[in-house]
Amino acid sequence: MLKIYRTMYLSRKLDDKEIQMKGQNRIFFQISGAGHEAILVAAGLCLKPGYDWFYPYYRDRALCLQLGMTPLEQLLQSVGAEADPASHGRQMPSHWGHKKLNIVSQSSPTGTQLLQAVGCAEAGLRVKLIKDLKKRVRNFRNDEVVYVSLGDGTSSEGEFWEALNTACNLRLPVVFLCEDNGYAISVPVEVQTAGGDISRLVRGFPNLFIQRCDGTDALESLAVMRRAVDNCRKNRGPSFVHARVIRPYSHSLSDDEKLYRSAEERTADAEHDPLKRFGSLLINEGVIDEHGLQQLKDEVDREINEAADQALASPQPAAETATKFVYSPDVDPTSKDFDNEAGAELSGNPGTMVDLINRCLLTEMKRDPRVLVFGEDIADCSREPSLDKVKGKGGVFKVTANLQREFGSARVFNSPLAEANIVGRAIGLATRGLKPVVEIQFFDYIWPAMHQIRNELAVLRWRSGNEFSAPLVMRVPVGGYLKGGAVYHSQSGVSIFTQIPGLRVVYPSNALDANGLLRTAIRCDDPVLFLEHKHLYRQTYNKSPYPPDDFMIPFGKAKTVRAGADISIITYGALVQRSLVAARQAEQQGISVEVIDLRTMSPYDWNAIAESVKKTSRVIVAHEDSLSWGYGAEIAARISDELFAHLDAPVRRVAALDTFVAYAPQLEDAILPQVADVLEAITELHGY
């Protein structure tokens with residue numbers, strides 16, 4: 001009981017020390033866990049650091065202390081020190097992370113951690129189901145538990161409900177701890193939550209063990225957390241703990257609760273302060289007297305002051321480290337290790353892009369049992385007794401056909417119709433060492449997953465200083481030129497993703513490139529957005545015989561698909577073929593056009609672009625994305641900036657109109673760039 005009190009008091013006084021340091025302009029942000037200490041210390045006592053897995057949120061200071069994080073380690077983050085184990089100076093305070101303790105790097109968005117925690121727990125399930133995985137992955141225990149916490153405000157996020165849905169459906173050992181302090185910044189719980197009671201709303205979830213407690217009462221919290229963890233430890237399914245706590249301080253030092261909370265309400269909360277209550281209990285029960293309690297406090301105060309002095313003296317990261325760990329420092333997908341394209345022996349009848357992508361998935365799944373394939377409709381048939389009676393789905397474009405039959409439902413399976421669920425779970429799986437290859441059914445529907453992609457997947461390695469990473473592949477059908485696709489099945493928006501540091505973006509134009517680039521994507525150590533143009537899936541002009549099972553094309557290596565002397569066209573995707581057709585037509589006019597297929601968008605092959613522009617002195621950038629703020633704008637700007645002396649004419653762009661793709665065929669043709677548009681640009685630029 002004295003240890004419980006000591007950790008609670010330590011947590012509170014660390015908050016107070018940070019508040020003091022913020023007032024002295026020695027740190028730059030503060031958000032406290034005050035009022036939450038009792039339930040969090042209880043949680044830490046019931047779980048095993050370095051054994052179980054933890055996805056905390058910013059109030060969880062006391063949990064991290066109980067798991068073994070030191071006051072110095074927490075204050076190192078406060079001052080932005082390089083030695084901060086959570087982020088090495090990259091994250092603001094109270095964004096917990098600790099590799100040794102299995103505390104996975106935390107971000108600022110509320111609720112994104114929930115799906116990742118589910119994916120982390122699901123990794124354990126997959127290891128149990130897939131025999132070969134036990135030889136390839138480490139640090140899995142049969143009775144491990146995944147802890148994830150949230151505030152009551154976060155329960156309004158859709159990803160909260162998606163996480164509960166999958167955890168209950170798969171009966172995963174996840175302890176959801178809702179720390180309900182009654183407020184989401186200034187919004188009270190009755191405004192956030194229908195009926196003001198989240199545990200009532202989740203009662204309908206099957207396999208969910210629900211517990212409620214006064215989270216300011218340490219002993220009641222301990223009893224409840226023991227039951228919740230035990231339920232998960234015995235693999236009975238997820239647990240949901242609804243702990244009522246208080247928030248005696250404002251949301252953060254950027255907030256003033258006096259603006260929206262009455263003095264009477266704040267005074268009533270103070271009577272439930274967990275430190276005050278537990279300290280009184282210790283004295284009343286004769287565990288310690290007032291003098292002994294004060295000695296304990298004085299000891300903690302000295303420890304914190306010493307830790308603060310050490311943290312303030314600890315150096316911040318050097319400026320030159322800013323770009324470290326945007327991508328993997330260990331595996332370079334642009335290197336020669338991923339380049340065996342030259343001389344590759346092709347065999348068999350020519351296959352379409354669909355055929356060669358499917359073959360790549362098949363061979364990579366045979367090679368590496370860590371590869372999992374999932375998404376909407378990608379399985380042959382989720383109801384296994386029907387597999388022998390039906391042909392099987394295998395994706396809306398049949399790209400994943402027969403993979404479930406070959407590798408079983410533990411490795412190839414359907415997801416709920418929820419894109420954030422797909423990517424969020426994949427992050428958790430990848431963090432544990434598995435290799436998810438997930439499908440977003442259409443690029444137009446990727447946006448619910450954007451939070452997970454931009455704020456979690458792409459930044460995880462960088463924000464943790466390379467302590468954590470999530471290398472996975474997102475396969476996404478994209479683009480137009482399919483009659484009837486219209487507004488929600490034909491968009492391109494590639495530049496939105498190429499501007500995200502940490503994310504590789506790949507866009508093959510033919511079957512052979514798709515096979516080699518996908519294999520590189522699966523084997524590299526970074527998250528990859530693998531774009532597959534729907535119009536190119538079954539075109540005869542881009543078919544290819546099958547390459548060897550280790551065939552790879554490195555990222556950042558463009559291909560000159562047509563040599564020329566007068567004009568360069570820099571392009572990718574569906575515009576490669578249209579540019580080739582326009583180039584052949586231009587040849588009839590005596591114009592020699594070179595066509596460069598970028599193949600990968602981030603990184604892109606600047607050397608190939610520069611070499612071609614220096615040769616021709618005239619350049620067109622052609623792409624299916626909209627003209628304004630499209631992908632070509634960056635290429636054109638860089639050519640103008642770095643190759644201006646080699647240009648004999650302005651850089652020209654050919655792109656889609658600044659609108660959406662329409663349903664009517666005549667409108668679609670007018671909106672998307674056609675062969676005639678490319679030819680017109682060639683003719684005009686040649687005559688400049």
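For reference, positions follow the sequence shown, starting with 1.
Within a 6.0 Å sphere centred on NE2 of His272, other residues, nucleotides and ligands contribute 12 heavy atoms or fewer. Around CZ of Arg454, the count of heavy atoms belonging to other residues, nucleotides or ligands within 6.0 Å does not exceed 12. More than 12 heavy-atom neighbours from other residues, nucleotides or ligands sit within 6.0 angstrom of NZ on Lys128. The environment of Glu290 atom CD is sparse: at most 12 non-hydrogen atoms of other residues, nucleotides or ligands sit within 6.0 angstrom. Counting non-hydrogen atoms of other residues, nucleotides and ligands closer than 6.0 Å to CG of Asn142 gives a total of 12 or fewer. Around the CZ atom of Arg226, the shell of radius 6.0 Å holds no more than 12 heavy atoms that belong to other residues, nucleotides or ligands. Within 6.0 Å of atom CZ in Arg136, more than 12 heavy atoms from other residues, nucleotides or ligands are found, so the atom counts as buried in its surroundings.
Here Arg247 pairs with Glu257 in a salt bridge; the nearest charged N to carboxylate O distance falls below 4.0 Å.
Taking CD1 of Ile304 as the reference point, atom CG of Leu10 lies at 5.0 Å (rounded to 0.5 Å).
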Side chains of residues 318-326: which donor-acceptor pairs under 3.5 Å do they make with residues two or more places apart or in other chains?
residue : atom : partner : partner atom : Å
Thr321  : OG1  : Ala318  : O            : 2.6

Stepwise side-chain hydrogen bond (donor to acceptor under 3.5 Å, both in side chains) test for Asp16 and Tyr249: CA-CA 10 Å; Asp16 292 341; Tyr249 298 169; 2.6 Å; yes

Verdict with reasoning, Arg277 to Glu271, per salt bridge (charged side-chain N to carboxylate O under 4.0 Å, His left out): CA-CA 8 Å; Arg277 294 182 67 186; Glu271 294 303 312; over 6 Å; no

Verdict with reasoning, Asp255 to Ser252, per side-chain hydrogen bond (donor to acceptor under 3.5 Å, both in side chains): CA-CA 5 Å; Asp255 171 54; Ser252 72; over 6 Å; no

Asp525 and Arg461: CA distance, side-chain angles, deciding distance, salt bridge (charged side-chain N to carboxylate O under 4.0 Å, His left out) verdict: CA-CA 11 Å; Asp525 197 32; Arg461 185 191 297 277; 3.2 Å; yes

Step-by-step side-chain contact (heavy atoms from CB on, under 4.5 Å) determination, Val437 to Val371: CA-CA 7 Å; Val437 180; Val371 177; 3.9 Å; yes

Worked verdict on Ser328 versus Asp526 for side-chain hydrogen bond (donor to acceptor under 3.5 Å, both in side chains): CA-CA 6 Å; Ser328 170; Asp526 297 310; 4.8 Å; no

Gln116 vs Gln452, side-chain hydrogen bond (donor to acceptor under 3.5 Å, both in side chains): CA-CA, chis, key distance, verdict: CA-CA 9 Å; Gln116 294 167 42; Gln452 290 288 345; 3.2 Å; yes

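Here the side chain of Ser314 pairs no donor or acceptor atom with the backbone of Gln310 at under 3.5 angstrom. Remark: side-chain polar atoms of Ser250 are not paired, donor with acceptor, to backbone N or O of Leu253 under 3.5 angstrom. Side chain of Asn284 to main chain of Ser280: a donor-acceptor pair is present (N/O by atom type, distance under 3.5 Å, no hydrogens or angles). Without hydrogens or angle criteria, Gln91 side chain to Gln106 main chain gives a donor-acceptor distance under 3.5 Å. In terms of modelled atom types and a separation under 3.5 Å, the side chain of Asp52 and the main chain of Leu47 share no donor-acceptor contact. The backbone N or O of Gly433 sits less than 3.5 Å from a side-chain atom of Arg370, completing a donor-acceptor pair. For Trp96 (side chain) and Tyr57 (main-chain N/O), a donor-acceptor pair under 3.5 Å exists by modelled atom type.
With respect to Arg244, the salt bridge (Lys or Arg N to Asp or Glu O under 4.0 Å) criterion is satisfied by exactly one of Asp197, Asp269, Asp214, Asp217: Asp197.
Note that Arg432 lies in the cation-pi zone of Phe140, set by a 6.0 Å cut-off to the ring centre and a 45° limit from the axis. Under a cutoff of 6.0 Å and an axis angle of 45°, Arg126 and Phe413 form a cation-pi pair. Annotation: cation-pi geometry not satisfied between Lys22 and Phe29 (NZ/CZ under 6.0 angstrom from ring centroid, within 45° of ring axis). Judged by the 6.0 Å distance and 45° axis criteria, Arg425 is positioned over the aromatic ring of Phe374. Under the 6.0 Å distance and 45° angle rule, Arg90 counts as a cation-pi partner of Trp462.
When only modelled atom types and interatomic distance are considered, Asp298 and Gln294 share a side-chain donor-acceptor pair under 3.5 Å. For the residue pair His95/Gln77, the side-chain donor-acceptor check at 3.5 Å is not satisfied. With 3.5 Å as the limit, one finds a donor-acceptor pair spanning the side chains of Tyr9 and Asp301. In this structure, a donor-acceptor pair under 3.5 Å is absent between the side chains of Arg463 and Ser87. Glu467 and His88 share a donor-acceptor pair across their side chains, judged by distance under 3.5 Å alone. Ser107 and Gln113 form no side-chain donor-acceptor contact under 3.5 Å, judged by distance and modelled atom types alone. With 3.5 Å as the limit, one finds no donor-acceptor pair spanning the side chains of Asn102 and Lys48. Side-chain contact of Asn421 with Thr166: a donor-acceptor pair under 3.5 Å is present, judged by distance alone. Judged purely by distance below 3.5 Å, without hydrogens or angles, the side chains of Asn231 and Arg236 never pair a donor atom with an acceptor atom.
A parallel orientation is assigned to the rings of Tyr5 and Phe278, their planes being inclined by less than 30° (bins at 30° and 60°). Ring geometry, Tyr58 versus His251: the interplanar angle exceeds 60°, so the pair is classed perpendicular (tilted spans 30 to 60°).
Scanning all heavy atoms of the two residues, the minimum distance from Leu75 to Ala308 falls at CD1-N, 3.6 Å. For the pair Pro436 and Pro471, the tightest heavy-atom approach, listed with the atom from each and the gap, is CD-O, 4.2 Å. Smallest separation of non-hydrogen atoms from Ile31 and Arg61: O-NH2, 4.2 Å.
Applying the side-chain contact (heavy atoms from CB on, under 4.5 Å) criterion to Pro274, with sequence neighbours excluded, gives Met8, Arg12, Glu37, Ala38, Thr216, Ile246.
Inter-residue side-chain proximity for Gln74 and Pro71 is flagged as unmet; no heavy-atom pair is nearer than 4.5 Å.
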